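What follows is a short report on a single structure.
Numbers here simply count residues along the sequence, with the first being 1. Predicted model only: the values in this text are computed from it and were never measured.
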Amino acid sequence: MAVRIHLEQVRQQELHLDGELPEGTLALNLGGEDTLLAAAGPLTYELTASLADDTLIVHGALQMDFTGECARCLQPFTLPMQL
């Protein structure tokens with residue numbers, strides 16, 4: 001599953017996209033079997049796409065939670081990440 005932006009839609013006006021992608025569809029490489037981090041939920045996105053000349057510009061917000069264990073004390077924690 002992917003977020004697709006059709007250029008014909010963007011040529012006429014800005015395109016607003018929001019939704020969620022399940023963590024299983026993202027193919028995250030977080031360090032293999034020995035990693036201390038794992039995806040703990042879907043990727044939530046709110047994006048705006050527009051065209052400037054022949055350049056596609058996408059801006060917005062991405063949010064996803066991760067769980068992990070401290071490498072020193074092995075206590076579990078949740079790490080929310082926002083971009």
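- Rounded to the nearest 0.5 Å, atoms CG (L51) and CD (Q13) are 12.0 Å apart.
- Considering only residues two or more places apart in sequence or on other chains, H6 meets the side-chain hydrogen bond (donor to acceptor under 3.5 Å, both in side chains) condition with none of them.
- From L79, atom CG reaches atom CZ of F66 across 7.5 Å, with rounding to the nearest 0.5 Å.
- The salt bridge (Lys or Arg N to Asp or Glu O under 4.0 Å) pairs that include a residue from residues 8-19 are E8-R11, where partners are two or more places apart or lie in different chains.
- Taking both residues in full, the closest heavy atoms of A49 and V58 are given as CB-CG2, 4.1 Å, listed atom of the first, atom of the second, then distance.
- Interatomic distance, CG of L43 versus CG of L83, reported as 9.0 Å (0.5 Å rounding).
- Taken from CG in L56 to CD1 in I5, the straight-line distance is 5.0 Å, to the nearest 0.5 Å.
- Looking at every heavy atom in both residues, A39 comes nearest to M64 through CB-CE, 3.5 Å.
- Annotation: side-chain hydrogen bond (donor to acceptor under 3.5 Å, both in side chains) contacts of Q82 (sequence neighbours excluded): none.
- Pairs engaging residues 36-55 under the salt bridge (Lys or Arg N to Asp or Glu O under 4.0 Å) rule: none recorded [sequence neighbours left out].
- Residue pairs meeting the side-chain hydrogen bond (donor to acceptor under 3.5 Å, both in side chains) criterion with at least one member in residues 55-80, sequence neighbours excluded, are Q63-D65.
- In this structure R4 satisfies the salt bridge (Lys or Arg N to Asp or Glu O under 4.0 Å) test with no other residue, sequence neighbours excluded.
- For T48, the side-chain hydrogen bond (donor to acceptor under 3.5 Å, both in side chains) partners two or more places apart in sequence, or in a different chain, are H16.
- Residues L7 and L17 fall within the same hydrophobic cluster, defined by Ile, Leu, Val, Met, Phe, Trp and Tyr side chains chained together at heavy-atom separations under 4.5 Å.
- At a threshold of 4.5 Å between non-hydrogen side-chain atoms, the residues S50 and I57 count as touching.
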